[in-house]
Amino acid sequence: MLLSKTLFSFATRELLMKIKFLGTSAAWPLPRLGCQCNICSSKDPKDRRTRTQLLINDVLLLDAGIDTYQHLINSKVDPKKIKFVAVSHEHPDHTLGFQDLSRIYLPRKKGQIGSKSKIEVIIHQKTFSKIKNLFHFNEYKVLPVEIGQIVKVGGLDIQLLPVNHTNSSFGILVSEGGKKLFYAPDMKSLPEETFKKINRVDLIAFDGSELKIKSKSHQTILEGTKLGKELKAKQVYFIHIGHRTLPYKELEGFVKDKGGKQFNISYDGLEINL
Ligand SMILES: [Zn+2]
Ligand SMILES: [Zn+2]
């Protein structure tokens with residue numbers, strides 16, 4: 001009895017998708033340098049945010065922004081396990097980490113420097129063409145993918161789905177077993193084809209750059225609460241939190257009030273098992 005119970009819990013644990021929110025800020029971190037606003041002077045550790053990046057099942061990074069090195073040198077992450085990076089779009093807060101990711105060392109004999117890990121990069125051709133001359137991509141294995149093409153890596157299915165931001169920006173749909181996560185840090189809105197594919201998804205992590213002020217390339221959190229309901233998402237976490245929002249506690253209250261209990265504000269270090 002005890003044995004079968006142990007086996008059962010082991011089996012169910014294996015099916016969980018492990019999501020680590022390594023960073024949750026918009027293109028600039030919080031607090032902003034020199035700023036004394038309510039967010040920047042907050043004593044709540046949840047108001048300290050680095051550039052948005054998620055880690056799935058310890059093997060897949062979503063985006064590779066400026067803070068990648070700081071995220072991976074942290075004792076809670078083992079960089080040697082990382083085998084794949086999927087990229088949403090070309091902006092520096094999502095790609096500058098490619099400088100550092102090409103130098104992850106694998107274990108070797110005592111006293112010697114290990115060989116380097118060759119990470120696979122899942123990226124759309126249009127996005128890749130915008131950054132390919134900036135980094136040493138010969139040190140990576142680049143997998144250019146088409147819209148909607150399913151890439152199977154590390155037991156996960158990954159698809160890039162268009163979002164309205166730049167003309168080479170995508171949301172990343174990650175599926176494992178029956179569980180689905182949709183990640184879209186930068187988006188003004190969703191084209192119909194993407195909307196249909198992520199209906200009733202288990203977890204959406206999407207753009208929280210603005211609270212109410214309209215911008216031409218980002219949705220507002222207020223719009224996100226409406227969209228999350230239309231999508232019938234089971235859970236929604238705002239990521240890519242901008243400066244013109246609110247401190248964590250107030251922001252969490254705001255989304256629950258406008259959206260409902262399935263709406264949440266992410267923070268650096270948050271872990272969710274889906
Ligand atoms: Zn961004
Ligand atoms: Zn501030």
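In listed order, ligands and their atoms are each counted from 1.
Asp93 contributes OD2 as its N, O or S atom closest to the Zn ion (ligand 1). For the Zn ion (ligand 2), the nearest N, O or S atom contributed by His243 is named NE2.
Residue Thr24 is tested with Gln53, His240, Arg48, Arg49 for a side-chain hydrogen bond (donor to acceptor under 3.5 Å, both in side chains); the sole match is Arg49.
The aromatic rings of His165 and His89 stand perpendicular to each other, their planes meeting at an angle above 60°, with 30° marking the opposite boundary.
Rounded to the nearest 10 degrees, the angle SG (Cys40) to the Zn ion (ligand 2) to SG (Cys37) equals 110°. Draw a line from the Zn ion (ligand 1) to OD2 of Asp186 and another to NE2 of His94, and the angle between them is 110° (to 10°).
Between Lys256 and Asn264, the side chains place a donor N or O and an acceptor N or O closer than 3.5 Å (distance only, hydrogens not considered).
Among the backbone and side-chain atoms of His91, none of the N, O or S atoms lies under 2.8 Å from the Zn ion (ligand 1). For His89, every N, O or S atom stays at 2.8 Å or more from the Zn ion (ligand 1).
Considering every non-hydrogen atom in both Thr225 and Leu222, the closest pair reads OG1-O, 2.6 Å.
A heavy-atom distance below 4.5 Å is not found between the side chains of Ile241 and Tyr267.
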